[in-house]
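Just below is one structure, and these are the notes that go with it.
Each chain gets a letter, A, B and so on, in the order the sequences are listed, and its residues count up from 1.
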Amino acid sequence: VVSWNAMIANLAQNGAHFEAIRLVIDMQHSGEVPNSKTFTNVLPACARVASLKKGKEIHALSIRDGSYLDLFVSNALIDMYAKCGRLDIAGRVFKESEKDQVSYNTLIMGYSQSSCCKESLHLFLEMSFVGIPHDVVSFMGVLSACANFSALKQGKEIHCLSIRKLFDTHIFVANSLLDFYTKSGRIDTARKIFDRIPNKDVASWNAMILGCGMQGELETAIDLFDLMEGEGVDYD
RNA sequence: GCCUUAUUAA
């Protein structure tokens, strides 16, 4: 089993999703029994190719051997259903399972890309209410949700909270803040944050440039682009 | 010896 699992993990991590899924079938044909690690290895592959059918089969197998009770498995199931666009099922698995920080983050991320962005905000508040601390991923998810349903007020509150928790200097959170403020039309605020990021990465530049572009500040966008070239950033 | 969530347009 271990070597099958290792092969499946490698394929899934290298983007060979269909091959990874294929290998789970092959392993069963050769008489091996997939276990909880097999499931957590293959579920992200199902998620990325949005294969709800295969994902459900894995879900069924995990119920049969009881491994759906494993946090790694239930979290991977939540992610798989969310990425397949079935937030209803993701939410159901979430509700029925044990929950940790990753469970909350996974569902926050899932909802932030959906039409129920507000749900991300609920979960973000709920997790700290039940005593699970926020981390970088929680902040990225909830900020992305606020950006997508233009919740300027709530997003600002999250920004304040991130400052208090010292998350605002983390590059990923800072980039999420840029995305949030540019999408909310606050180029000035975004620019202030941008200028204070000491270690800007390509995503920081892209968020800022595209943000200016979307708000019609084309001059600024072009200036920024020249600046970026000057800094020797590997842009795309 | 293998395991889940992670930022920038479409």
Nucleotide by nucleotide, nucleotides 5-10 of chain B touches protein heavy atoms under 4.0 Å in the pattern (B base, S sugar-phosphate only, - none) BBBBS-
Which residues satisfy the side chain to side chain contact (heavy atoms under 4.5 Å, CB included) test with V33(A), sequence neighbours excluded?
-> none
All side-chain hydrogen bond (donor to acceptor under 3.5 Å, both in side chains) counterparts of D135(A), not counting sequence neighbours | N105(A), S138(A)
Between Y68(A) (OH) and U4(B) (C1'), how many Å, whole number?
-> 18 Å
Identify, with sequence neighbours excluded, every residue that meets side chain to side chain contact (heavy atoms under 4.5 Å, CB included) alongside N175(A).
-> I171(A), L178(A), I197(A), D201(A), A203(A), S204(A)
Specify the separation, in whole Å, of atom CZ of F39(A) and atom C1' of C3(B).
-> 12 Å
Pairs in or reaching into residues 40-52 of chain A: which pass side chain to side chain donor-acceptor pair (under 3.5 Å), with residues at least two apart or in two chains?
-> none
Qualifying residues under ring-ring contact (aromatic ring centres under 6.0 Å, His included), relative to Y68(A), sequence neighbours excluded = none
